[in-house]
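To start, the structure itself, in structure tokens.
For reference, positions follow the sequence shown, starting with 1.
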Amino acid sequence: MYIILILSVSDYLTILALQIIHGSMGHKDYIYQRKLASLLPIDSFRFDFRGNLESGGKWSLAALPNEIDDIQCVAHYLHAHYGYLIRVVVGHSKGSVTSTKWIASATSVEQGSEEARQVRAFVNVAGRHRMYKFRYLYDLHADAIKAQGYGIWKVKVAGKPVDAKVYPHDIEAFSNWDTSYVSRDFPPIVEVLTIHGLEDGIVPPYDAVLHAQAFDDRPGGEGRHTLHYIEEADHNFIG
């Protein structure tokens, strides 16, 4: 298994870096990722999760634990080989879910990530908080699941059509993902910005309010949380 990443170097000499994480069926250059990297005053990196676009491995809808491992693998590689300290993380949709879990691991003394402990700011872009809402996929693929045991998720990735198999057990595993760690384990020192489109038809905009409450409930209360809604923007901030 291999992971393809892009490192964007800024005009400033720095060891500080920003990590940009994509969501379901996304990739390192979709929606705002590439443009954001070009505008940043610090170095940044973005990559394809395993099984997505150019990275090796098998894609799975419910591969959240694997994707958390991917984040750690890339962060450790960049620190070990180039000395980068990951100070900011930007996660979109499912990438927000995996990013918060990875950053939250910093509070574990025995199993925590040393690289995650360096994070000081997080941008939660259209992140899902009520994971059970994802069960709407059952309804979308009900006929296909009944007929053949799985549904087909037809999307375009990097401009090319992709048919991804969606199994009932993956929908259930994704929907049962526990996000209580946000208020319990997410480091209180980390500043958080939540951005959500009011026309988001994938992740309900109210999830941003629930995220705000969860981040504000962190013990310690040192890091602030700011919520920013964007009118007429959908899940991918098109509108």
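When only modelled atom types and interatomic distance are considered, T98 and E67 share no side-chain donor-acceptor pair under 3.5 Å. Checking E115 against H79 by side-chain atom types alone, no donor-acceptor pair falls below 3.5 Å. Side chain to side chain, H225 and T194 meet the donor-acceptor criterion of an N or O pair below 3.5 Å.
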Would you be so kind as to tabulate the donor-acceptor pairs closer than 3.5 Å made by side chains of residues 17-25, with sequence neighbours excluded?
residue : atom : partner : partner atom : Å
H22     : NE2  : F49     : N            : 3.0

Could you list the donor-acceptor pairs under 3.5 angstrom formed by side chains in residues 137-148, with sequence neighbours left out?
residue : atom : partner : partner atom : Å
Y138    : OH   : P168    : O            : 3.2
Y138    : OH   : E172    : OE1          : 2.8
Q148    : NE2  : Y150    : O            : 3.2

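R117 places a side-chain N or O within donor-acceptor distance of the main-chain N or O of A106, the cut-off being under 3.5 Å. With hydrogens and angles disregarded, a donor-acceptor distance shorter than 3.5 Å links the side chain of T100 to the backbone of S96. With hydrogens and angles ignored, the 3.5 Å screen pairs no side-chain donor or acceptor of D200 with any backbone N or O of P204. No donor-acceptor pair closer than 3.5 Å links the side chain of R46 to the backbone N or O of A37. Panel note: side chain R120, backbone V88; no donor-acceptor pair is recorded below 3.5 Å.
Summarising the geometry, atom CD1 belonging to I171 is positioned 9.5 Å from atom OH belonging to Y136; distances are rounded to the nearest 0.5 Å. Note that CZ of F215 is 11.0 Å distant from CG of L227, once rounded to the nearest 0.5 Å. Atom CZ of F47 sits about 10.0 Å away from atom CG of N52, to the nearest 0.5 Å.
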- [ ] Show the numbers, then the answer: is there a side-chain contact (heavy atoms from CB on, under 4.5 Å) between I202 and R128?
- [x] CA-CA 9 Å; I202 304 298; R128 186 180 295 275; 3.8 Å; yes
TODO: Let me see the working for W153 and K165 under side-chain contact (heavy atoms from CB on, under 4.5 Å), right down to the final yes or no.
DONE: CA-CA 6 Å; W153 189 3; K165 292 182 178 180; over 6 Å; no
Task: Candidate pair K28 and E54, rule side-chain contact (heavy atoms from CB on, under 4.5 Å), full reasoning - done: CA-CA 9 Å; K28 58 187 174 298; E54 296 182 317; 2.6 Å; yes
Open item on the list: Is there a side chain to side chain donor-acceptor pair (under 3.5 Å) between Y30 and H92? Walk through the geometry before answering.
Closed with: CA-CA 11 Å; Y30 88 142; H92 175 255; 2.6 Å; yes
Open item on the list: Go through it in stages, so that I can follow the logic: the residues are W102 and V119, the test is side-chain contact (heavy atoms from CB on, under 4.5 Å), and I'd like the CA-CA distance, side-chain angles, deciding distance and then a yes or no.
Closed with: CA-CA 10 Å; W102 178 69; V119 176; 3.9 Å; yes
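Around the OH atom of Y82, the shell of radius 6.0 Å holds no more than 12 heavy atoms that belong to other residues, nucleotides or ligands. When the shell of 6.0 Å around CZ of R34 is examined, it contains 12 or fewer heavy atoms from other residues, nucleotides or ligands.
Taking D207 as the reference, R130 meet the side-chain hydrogen bond (donor to acceptor under 3.5 Å, both in side chains) condition, with sequence neighbours excluded.
One hydrophobic cluster, built from ILVMFWY side chains closer than 4.5 Å, holds both V9 and L78. In the hydrophobic clustering of this structure, V97 groups with W59; members are Ile, Leu, Val, Met, Phe, Trp, Tyr whose side-chain heavy atoms approach within less than 4.5 Å, directly or through other members. Under the 4.5 Å side-chain heavy-atom criterion for ILVMFWY residues, a single connected hydrophobic cluster contains both Y77 and I103. In terms of hydrophobic clustering, with Ile, Leu, Val, Met, Phe, Trp and Tyr side chains grouped at heavy-atom distances under 4.5 Å, I6 and V89 are assigned to different clusters.
Between S10 and P41, the closest side-chain pair of non-hydrogen atoms is not below 4.5 Å. Proximity of Q118 to R87: side-chain heavy atoms (C-beta onward) are separated by under 4.5 Å at one or more points. Counting heavy atoms from C-beta outward, L40 and S8 have side chains that stay 4.5 Å or more apart.
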